[in-house]
Visitor: 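Before we start, here is the structure in question, set down as structure tokens.
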Amino acid sequence: MLRTAIKRVRTAIDAGDKAAANAVLQKATGVIDRVADKNIIHKNKAARHKSRLTAAIKLLA
């Protein structure tokens with residue numbers, strides 16, 4: 001689930017659609033947080049994923 005959510009955001013970013021990327025990022029953030037809450041990944045790794053995805057979306061013009 002985690003990898004798929006991140007890939008969906010990356011595809012939206014690559015397509016250049018900022019609105020779609022933001023929408024997919026909101027869903028992905030929920031998935032990332034759920035996985036971190038279950039201790040599948042570390043909370044800092046979850047924060048790093050969310051931060052990098054958000055930064056990549058902000059770079060879109």
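These numbers come from a predicted model, not from an experiment.
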Visitor: How would you list, by chain and number, every residue that makes a side-chain contact (heavy atoms from CB on, under 4.5 Å) with I41, sequence neighbours excluded?
Guide: L2, V35, A36, K45, A46
Visitor: If you round to the nearest 0.5 Å, how far is NZ of K58 from CG of L53?
Guide: 12.5 Å
Visitor: When rounded to the nearest 0.5 angstrom, what distance separates CE in M1 from CD1 in I32?
Guide: 10.5 Å
Visitor: With sequence neighbours left out, what residues match D33 under salt bridge (Lys or Arg N to Asp or Glu O under 4.0 Å)?
Guide: K50
Visitor: Please report, to 0.1 Å, the donor-acceptor pairs under 3.5 Å made by any side chain of residues 7-29, with sequence neighbours excluded.
Guide:
residue, atom, partner, partner atom, Å
T11, OG1, K7, O, 2.4
T11, OG1, R8, O, 3.2
N22, ND2, K18, O, 3.3
T29, OG1, L25, O, 2.7

